Number of protein chains: 2
Amino acid sequence: MIRIGKLTDYGIVVMTHLARDPAQAVMAASDLAQATSLGPSTVAKLLKVLLRAGLLVSHRGIRGGYSLSRPAEEISVGQIIGAIEGPVVMTECGGQPANKCSMRHVCTAQSHWHRIDDVVREALESLKLEELARPLRLRKAGALQRQPGDQQPADRRRSKRP
Amino acid sequence: MIRIGKLTDYGIVVMTHLARDPAQAVMAASDLAQATSLGPSTVAKLLKVLLRAGLLVSHRGIRGGYSLSRPAEEISVGQIIGAIEGPVVMTECGGQPANKCSMRHVCTAQSHWHRIDDVVREALESLKLEELARPLRLRKAGALQRQPGDQQPADRRRSKRP
DNA sequence: CCTATACAGTACTAAATAGGTCCTGTTTAG
DNA sequence: CTAAACAGGACCTATTTAGTACTGTATAGG
């Protein structure tokens with residue numbers, strides 16, 4: 001299936017946690033780890049990546065930690081994914097100039113993958129961190145309605161976070 | 001990055017090849033392998049999967065082979081991906097009932113992932129095999145326009161097919 | 001009715017990737 | 001000056017994916 005890595009999933013959880021803090025305080029990696037029930041080392045690694053991508057700012061020294069580099073409204077899920085997984089492209093061809101692909105003579109799918117990629121990118125870009133941070137109950141009704149039982153009972157292989 | 005597996009990529013190439021045959025003839029696995037420059041075993045495996053998903057019909061015996069189970073207009077890229085990779089869901093939560101996720105108390109992202117998944121699914125479903133099979137030059141202009149240099153020179157790790 | 005050909009199904013091996021942990025700096029508040 | 005916390009790696013392991021091989025079954029055509 002098409003999926004993002006666990007790390008990216010964690011990344012979104014961590015970012016959401018930061019965004020949800022009303023005081024926008026600086027939070028230490030260890031605190032974030034506790035708050036999200038993720039391994040401290042894992043969270044630390046994650047934060048470094050997000051920092052380098054410019055989504056966070058860090059403060060060193062004894063009362064150091066991390067905070068969002070800008071308002072949650074200006075950070076998109078696409079940016080978070082991009083920071084952790086690299087650019088959103090679905091096939092081999094996707095990331096490289098079309099003329100580099102060894103199948104380019106046989107394969108006419110190229111331009112279509114680009115279209116698909118664009119749609120996905122766009123969807124991801126339009127979803128802002130601020131929206132994720134907003135508690136479920138308070139979201140504007142209608143937009144997210146979903147029938148109970150709407151969910152497919154697909155077989156999942158991986159199942160739980162550590 | 002978000003990406004589909006190589007096998008799926010191959011699957012699309014093979015399906016496209018079948019769809020492109022004007023006579024809609026039955027083609028043997030070995031012929032398809034040659035035509036696509038993929039390993040015969042790999043193609044054979046792939047075809048079985050696509051068969052079981054109902055996208056192909058097979059003919060056994062000495063002049064046997066595979067052909068599309070229905071017109072290329074009625075087969076979507078989403079269906080091909082679904083056949084090979086399983087349902088399109090991007091996170092752990094995605095595939096299972098929301099109340100099963102161990103992070104459900106902390107994580108408010110659930111319903112958003114569902115939305116994203118829907119968008120991706122829809123995009124994939126709307127792209128039909130017929131369109132991929134059509135040679136590039138003949139596609140209706142306008143819909144697919146792309147500036148030269150539009151392509152991001154992102155760093156790719158994997159590079160060529162076997 | 002026999003046999004070569006091609007699908008059906010499954011099991012296995014090897015390689016790539018991702019996940020997770022740890023260690024050795026460097027900065028800085030107090 | 002020192003303890004807390006970030007910076008930046010290196011590294012090991014487990015999972016997943018890719019690719020291959022083997023044994024069985026159906027069938028067209030001589």
Side-chain angles (χ1 to χ4, degrees), chain A residues 1-11 13-14 18 25-34 36-54 56-67 69 81 84-86 91-92 155-162, chain B residues 1-11 13-14 18 25-34 36-54 56-67 69 81 84-86 91-92 155-162:
Chain A
M1 55 240 55
I2 299 177
R3 63 170 19 189
I4 59 171
K6 279 192 188 184
L7 272 191
T8 310
D9 198 346
Y10 302 163
V13 170
V14 168
L18 275 166
V26 173
M27 304 184 80
S30 55
D31 295 346
L32 281 167
Q34 270 208 310
T36 55
S37 324
L38 296 170
S41 319
T42 303
V43 171
K45 182 193 212 171
L46 207 45
L47 289 167
K48 287 167 202 169
V49 174
L50 294 168
L51 173 74
R52 253 178 280 176
L56 297 176
V57 291
S58 68
H59 305 271
R60 315 213 343 185
I62 198 166
R63 307 229 41 160
Y66 296 89
S67 53
S69 66
I81 294 179
I84 302 175
E85 313 227 352
T91 52
E92 308 280 325
D155 54 336
R156 301 258 19 84
R157 283 166 344 206
R158 303 145 160 194
S159 53
K160 56 171 184 278
R161 301 176 205 245
Chain B
M1 54 239 59
I2 299 176
R3 64 169 20 190
I4 60 172
K6 278 192 187 184
L7 273 190
T8 310
D9 197 346
Y10 301 164
V13 170
V14 168
L18 275 166
V26 173
M27 303 183 81
S30 56
D31 294 346
L32 282 166
Q34 271 208 310
T36 55
S37 323
L38 297 171
S41 318
T42 303
V43 171
K45 181 195 215 170
L46 207 47
L47 288 166
K48 286 169 202 168
V49 174
L50 294 167
L51 174 75
R52 254 179 278 176
L56 297 176
V57 290
S58 67
H59 305 272
R60 311 200 2 172
I62 198 166
R63 308 227 43 159
Y66 297 88
S67 52
S69 65
I81 294 178
I84 302 175
E85 314 226 352
T91 52
E92 307 280 324
D155 53 336
R156 299 262 18 83
R157 282 167 341 209
R158 305 142 157 196
S159 55
K160 55 167 183 279
R161 300 173 206 247

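Quick note on labels: first sequence line is chain A, next is B, and so on, each numbered from 1. Source: prediction; values computed, not measured.
Using a 4.5 Å cut-off on side-chain heavy atoms (C-beta onward), B:Leu18 and B:Leu56 make contact. Contact check for B:Leu38 versus B:Val14: side-chain heavy atoms found under the 4.5 Å cut-off.
If you take CG of B:Leu50 and P of C:dG9, they are 14 Å apart, rounded to a whole angstrom. The distance between atom CD of B:Gln34 and atom P of C:dA6, rounded to the nearest whole Å, is 12 Å. Distance CG (A:Leu47) to P (D:dC6): 8 Å, rounded to an integer number of Å. Spacing between atom CG of A:Leu46 and atom P of D:dC6 amounts to 13 Å, rounded to whole angstrom units. At whole-Å resolution of the value, NZ in A:Lys6 and P in D:dT15 are 9 Å apart. B:Met27 has its CE atom 16 Å from the C1' atom of C:dC7, to the nearest Å. To the nearest angstrom, P of C:dG9 lies 7 Å from CG of B:Leu51. What separates OH of B:Tyr10 from P of D:dA18 is a distance of 8 Å, to the nearest Å.
Residue A:Ser41 places its side chain closer to C:dC22 than to any other of D:dA18, C:dC22, C:dT10. Of the candidates C:dT5, C:dG9, C:dG19, C:dG9 carries the atom nearest the B:Lys48 side chain, counting heavy atoms from C-beta on. Relative to the side chain of A:Arg60, the nucleotides D:dG8, C:dC7, C:dT26 differ in distance, and C:dT26 lies closest. Out of C:dT10, D:dG19, C:dG19, the shortest distance to the side chain of B:Lys45 is found at D:dG19. The side chain of A:Thr42 has C:dG20 as its nearest neighbour among C:dG20, D:dT20, C:dA8. Closest contact between the side chain of A:Ile62 and the listed nucleotides D:dG24, D:dC6, D:dA4 involves D:dA4.
Closest non-hydrogen pair, A:Val43 versus A:Ala29, comes out as CG1-O, 3.8 Å. Heavy atoms only, all atoms of each residue included: B:Arg63 and B:Val26 are closest at O-CG1, 4.5 Å.
Looking at heavy-atom distances under 4.0 Å, B:Ala44 makes no contact with the nucleic acid at all.
Formation of a donor-acceptor pair under 3.5 Å by the A:Ser69 side chain with backbone atoms of A:Gly54 is found in this model.
Distances shorter than 4.0 Å separate some side-chain N or O of A:Ser58 from OP1 or OP2 on D:dA7.
Positionally, the nearest nucleotide of DNA chain C for A:Thr8 lies more toward the 5' end than for the other of A:Thr8 and A:Arg63.
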